[in-house]
Amino acid sequence: MFETISNFVAAFLTLCIFSFLYKDNPFYKFAEALLVGVSMGYAIPLLFENVFMPYVYTPIFLDHKFIIIIPALIGSLYIFRFTKNLSWLARYPITFSMGIVGMGIPMSLHSSVLVQMRSAMLPLASINITLIFIGTVTILLYFFFSKAHKGIYGKVTNVGIWFMMIGFGASFGYTVMARISLLIGRIQFLLGDWLGLIK
Amino acid sequence: MKRQIPLMIVVILGSMFVVHTFVPHKISADFFDWFQDWIKAISPFAILLGVISLSMVNGTKIKRKAPNWQYSVVTLIGLAFTAIAGFVWGTQTGTPYMWLFKNVQMPMGATMFSLLAFYIASAAYKAFRARSTEATVLLIAAVIVMLGQVSLGAMISKWIPITSKWILNVPNLAAKRAIMIGVGLGMTATSLKILLGIERTYLGGGK
Amino acid sequence: MKKSTLKLLDKMQKVDRRIIYIIVAFSIIIPLLIPFNSKTYVTEPTSNIYQKVDSFAGDDTKAVLMSFTHNASTMPELFPMEVALLRHCFERDIKVLTICWLPAAAPLVDYAINQAKEGYDVQSGVDYCNFGYKPYALRLPIMLGMGDDIAKAVETDSQGRKIENLEIMNNIKNYDDMNIIVDFAGNSSAIQWIMYARAKFGANIAAGITAVMVADNYPYLQTGQLLGMFRGLKGAAEYEKLVDVFAAYESDKFPNGRPFSKEIINDTWVPITRDKVTYEVDGKMIETDADLQYKFKKARIGMNAQSVAHVMIIVFIILGNIGFFLTKKKKKKIV
């Protein structure tokens, strides 16, 4: 019985969201507002239990690592973001998160540029490898805006456009698939979990 | 000074992380251990930004009786009730807090995105036109990839999944690789700008 | 062209979007209500993950790490993948660790584990361990820390237990002891694993991603930075079939599942309309005693609806373009 009521609530709220397809209406607005509030409210106890307790409370109060009071105080400076005169204090916790970008420089250069370039510079032993090479180079040339895309250079960059169009087509095909999959999931819930029509 | 000290912290921490990447020395490892402890203690307070911001926006709406202010009441009640439920009854399975997640937040969150299926179908009918040769190429590639993903494609012709695979492995790969190299260089440049104190927008406005 | 045909074309161009919505809904509802058997072709990006995970079956010195970086919004695509992978691990006695980075992902990990473990004799802290929710802001420090010492970087599991004291962590110290790391996400979060865990520590990475992100990740597949990839709902359907055909297979020769073979997977079909796991080889049906539960074929049932919906979208594109070109032609004639 309890499960039935729970499923009914979930189904009702699902239908409230779907009602937007007809037009904007109070049911949709209510569901949207509730979603925002519940999502934020949900995060607070979870963060308290899984982050504040093990990383702030336990080290300070149980393990007596009093040095942790300093980062905890730095973290609490976030609250000043909403004040007029002391909002600059909120910069301190942000700076600690930004510091790690130092590692991002060599790592992103390695993973997204060097390894990719190495794989693009294989011996042109087959048609496909040659096509990948041509495609990569012509697209890179297309994004080089310091030279006007005219004459032979323009024709070369045009080849890049064709490759990109096929790439975007593939992305579009997969995007359709993704969106349909999400709807399938919701309809499986309505027909299966709620109405019990799929087993 | 209000900007200079935070900038200096970023430059020093960032430089130390560059060194940490390449130098597996004990000092480098100790620095990373110290950083882990500190960043873990700083992180839980970030949620304050979200909670205060949401409460302020909705509180102001209610106070001013702005259009649709009643829905702001729903948001704030939802926020308070869920948070209190978590603290009072706990966050384990079977509690009111988890009931709210399973039967309120989860179904609505999932449904919100599934609406896009309807919009993409409507756009397919009303907007996706083969107005130029390039657009035609895009549409043909999309149709082949779409058919290549489902069993029906292989039933129509064995060449559909083969062509779909080729599109993904050759022209698509070339396109995405070139874009990836560009993005990778952009990320490196932005990180360098942050590290050198040229990019400062993350610090927000003001002095 | 007849006037009536032109009128019809005009009407079709101006059709109310809500009629299109109704057609979309029915194209999904009908195949779900009336399931039919369609063939699930397994592709390399999925079978590579299966083979890698399976290669350490029964080996307690290796574990699979599943990273959940998504909320309920992408659940229909990612959840069946996660259930299928967990089922594979439980079926083949493979240690599995889970971690999540978003508050809304925390219960999803529990749901996936609970759904997959039903019927298996597995224990938390021994056969699997859920590290629980860790905030996204700590993702990089934890990801990097796990390269040296998982117990030190993660500290406690979802139940608040010290990870270093758990039985599952015997022989498991860092990425060297990881069979594979699979990140499930609706965005490009697998790139972080590639950038840090792969580039710095040489970990094997795979991605379970929503279809939207699939095409963008192909360069990583070709370079080997991604060992394999679950590609949307289809990837989940493929893995469900792989588990049915190999991991869940039982015979006198293979009492706990059989090893992967390309020939077997190419020639074997598992009809989803049956209640028992049935192998169809060369038109012959071999029915087993094992139940083919709905939760373990959900993605394959979904792929039936996906087939119909794709055809519908293609028909929409074609009809829309026919109308567009004929109207354009008509306008030209008038000018």
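With a 4.5 angstrom heavy-atom cutoff, C/Ala237 does not touch chain B via any of its atoms. Using a 4.5 Å cut-off between heavy atoms, C/Ile313 touches chain B through backbone and side chain atoms alike. Interface remark: C/Lys152 contributes backbone and side-chain atoms alike to the contact with chain B (heavy atom separation under 4.5 Å). If you measure heavy-atom distances from C/Leu144 to chain B, the contacts under 4.5 Å come from both the backbone and the side chain. Within the 4.5 angstrom heavy-atom criterion, only side-chain atoms of C/Tyr41, from C-beta onward, approach chain B. Within the 4.5 angstrom heavy-atom criterion, no atom of C/Asn71 approaches chain B. With a threshold of 4.5 angstrom between heavy atoms, C/Glu155 approaches chain B through side-chain atoms but not through N, CA, C or O. Both the backbone and the side chain of C/Ile317 have a heavy atom closer than 4.5 Å to some heavy atom of chain B. Within the 4.5 angstrom heavy-atom criterion, no atom of C/Tyr136 approaches chain B.
The two atoms that bring C/Tyr21 and B/Ser122 nearest to each other are CE2-CB, 4.0 Å, heavy atoms only. Contact detail for B/Tyr125 and C/Phe316: the closest heavy-atom pair is CD1-O, 3.5 Å. Residues B/Leu173 and C/Pro219 approach most closely at CD1-CA, 3.2 Å, considering heavy atoms.
When the candidates B/Leu152, B/Leu168, B/Val143 are compared by the number of heavy-atom contacts under 4.5 Å with chain C, B/Leu168 comes out ahead. Per-residue heavy-atom pair counts under 4.5 Å with chain C were compared for B/Val145, B/Thr21, B/Val150, and the maximum is reached by B/Val150. Considering only heavy-atom pairs separated by less than 4.5 Å from chain C, the leading option among B/Arg131, B/Lys165, B/Met108, B/Gln105 is B/Arg131. Chosen from B/Pro107, B/Ala121, B/Gly109, the residue pairing most often with chain C at heavy-atom distances under 4.5 Å is B/Ala121. When each of B/Met155, B/Met146, B/Arg129 is checked for heavy-atom pairs under 4.5 Å with chain C, B/Arg129 comes out on top.
Using modelled atom types and a 3.5 Å distance limit, the side chains of B/Gln149 and C/Arg231 yield no donor-acceptor pair.
C/His310 places no side-chain N or O within donor-acceptor distance of the main-chain N or O of B/Leu147, the cut-off being under 3.5 Å. Judged by distance alone, the side chain of B/Lys40 and the main-chain N or O of C/Ala153 form a donor-acceptor pair under 3.5 Å. For C/Asp216 (side chain) and B/Lys176 (main-chain N/O), no donor-acceptor pair under 3.5 Å exists by modelled atom type. Between the side chain of B/Asn172 and the main chain of C/Tyr218, no donor-acceptor pair closer than 3.5 Å is present. A donor-acceptor pair under 3.5 Å is formed between the side chain of B/Lys126 and the backbone N or O of C/Val15.
To the nearest 0.5 Å, atoms OG (B/Ser151) and NZ (C/Lys234) are separated by 8.5 Å. To the nearest 0.5 Å, atoms CE (B/Met106) and OH (C/Tyr111) are separated by 5.5 Å. Separating the CG atom in C/Asn114 from the OG1 atom in B/Thr93 is a distance of 6.5 Å, to the nearest 0.5 Å.
Heavy-atom contacts from other residues, nucleotides or ligands closer than 6.0 Å to OH of B/Tyr119 number more than 12. Heavy atoms of other residues, nucleotides or ligands lying less than 6.0 angstrom from CZ of C/Phe79 number more than 12.
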